[in-house]
Amino acid sequence: MTLYKFILLIHIFSAIIGLGPGFVLTYIAMHAKTMTELRHAYYIRKKVHIFVTVGGTLLLVTGVIMGILRPGLFTEIWFTLSLILYLIALALAPLLLISRTKPIKRILKDHKGDDIPEAYNVAAKELFFYEHLTNAILALIIVLMILKPF
């Protein structure tokens with residue numbers, strides 16, 4: 001096995017470990033009916049997010065290493081576009097997702113009772129919109145990586 005193929009293998013496993021769980025994060029919290037369920041859903045999201053962080057970081061690192069090992073990849077539109085889109089998706093976390101999560105964390109911590117307040121629904125709708133946008137970008141990257149259309 002060549003070094004490039006070994007890095008590619010790590011890259012593929014990183015995509016499975018990092019992106020796969022990321023696609024279900026929104027779903028985990030969407031169907032909670034009570035605050036107890038909602039708090040548990042966000043607890044699970046936090047634990048699953050560890051896989052997203054580790055896998056996502058490895059994905060970027062191995063992708064860049066493959067580009068370094070085969071510099072011609074940087075001349076391929078599918079590769080460069082995938083890298084740019086991935087950086088955009090990564091930037092969405094600190095720019096949009098974290099700030100949209102703060103009011104939710106506050107509600108989960110402070111709300112008394114088992115009913116889900118309307119303030120949560122408003123905040124979650126906005127958060128989930130940006131999470132779906134991020135997932136769409138990541139799905140597009142997967143398509144580009146598989147099909148290599150240009």
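One is the number of the first residue; the rest follow in order along the sequence.
Taking NZ of K46 as the start and CG of L25 as the end, the distance is 13.5 Å to the nearest 0.5 Å. Summarising the geometry, atom CG belonging to L96 is positioned 11.5 Å from atom CD belonging to E131; distances are rounded to the nearest 0.5 Å. Between the CG atom in L144 and the CG atom in L140 there is a gap of 4.5 Å [rounded to 0.5 Å]. Atom CD1 of residue I28 and atom OH of residue Y42 lie 10.5 Å apart, to the nearest 0.5 angstrom. Once rounded to the nearest 0.5 Å, the distance linking CG of L95 with CG of L90 reads 11.0 Å. The distance from the NZ atom of K33 to the CG atom of D115 is 14.5 Å, given to the nearest 0.5 Å.
Residues P117 and M35 approach most closely at CD-SD, 3.8 Å, considering heavy atoms. Here the closest non-hydrogen pair linking S82 and I141 is O-CD1, 3.8 Å. In this structure, R39 and I107 approach most closely via the heavy-atom pair NH2-O, 4.3 Å. For the residue pair E126 and R100, the shortest heavy atom distance occurs at OE2-NE, 2.6 Å. Nearest heavy atom pair, residue A29 against residue A41, reads CA-CB, 3.9 Å.
Applying the 6.0 Å contact sphere to OH of Y4 captures more than 12 heavy atoms from other residues, nucleotides or ligands. Counting heavy-atom neighbours within 6.0 Å of K102 NZ, excluding the residue itself, gives a total of 12 or less.
The cluster map of Ile, Leu, Val, Met, Phe, Trp and Tyr, joined by side-chain heavy atoms under 4.5 Å apart, puts I84 and L133 in the same cluster. No continuous path of ILVMFWY side-chain contacts below 4.5 Å connects L127 to Y27, so the two sit in separate hydrophobic clusters. A single hydrophobic cluster is seen to contain both Y130 and L87, as judged by linkage of ILVMFWY side chains at heavy-atom distances under 4.5 Å, directly or through other members. No single ILVMFWY cluster, assembled from side-chain heavy atoms under 4.5 Å apart, contains both I44 and L97. Placement of V143 and L19 within a single hydrophobic cluster is found when ILVMFWY residues are connected by side-chain heavy-atom separations under 4.5 Å, directly or transitively.
A heavy-atom distance below 4.5 Å is not found between the side chains of I17 and P21.
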### Task
Report the C-alpha separation of I88 and T134 in whole Å, then their side-chain angles, then the decisive distance to 0.1 Å, and conclude whether the side-chain contact (heavy atoms from CB on, under 4.5 Å) test is met.
CA-CA 9 Å; I88 290 170; T134 303; over 6 Å; no

#### Entry: Pair I116-T34, side-chain contact (heavy atoms from CB on, under 4.5 Å): steps then yes or no
CA-CA 6 Å; I116 297 175; T34 65; 5.5 Å; no

### Task
Start with the C-alpha gap between I137 and L92, add the side-chain angles, then the distance that decides, and say whether side-chain contact (heavy atoms from CB on, under 4.5 Å) holds.
CA-CA 11 Å; I137 292 169; L92 287 176; 4.0 Å; yes

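Relative ring orientation between H132 and F128 is described as perpendicular, the plane-to-plane angle rising above 60° on a 0-90° scale split at 30° and 60°.
Checked by atom type and distance alone, the side chain of K5 never pairs as donor or acceptor with a backbone atom of T2 at under 3.5 Å. In this structure, T80 contributes its side chain and I77 its backbone to no donor-acceptor pair below 3.5 Å.
Residue pairs meeting the ring pair (Phe, Tyr, Trp, His ring centres under 6.0 Å) criterion with at least one partner in residues 65-101, sequence neighbours excluded, are F74-F79.
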Expected list for residues 50-69: side-chain donor-acceptor pairs under 3.5 angstrom, two or more places apart:
unit_1, atom_1, unit_2, atom_2, d
T53, OG1, H49, O, 3.0
T53, OG1, H49, ND1, 3.2
T57, OG1, T53, O, 2.8
T62, OG1, H11, ND1, 2.7
T62, OG1, L58, O, 2.7
T62, OG1, L59, O, 3.2

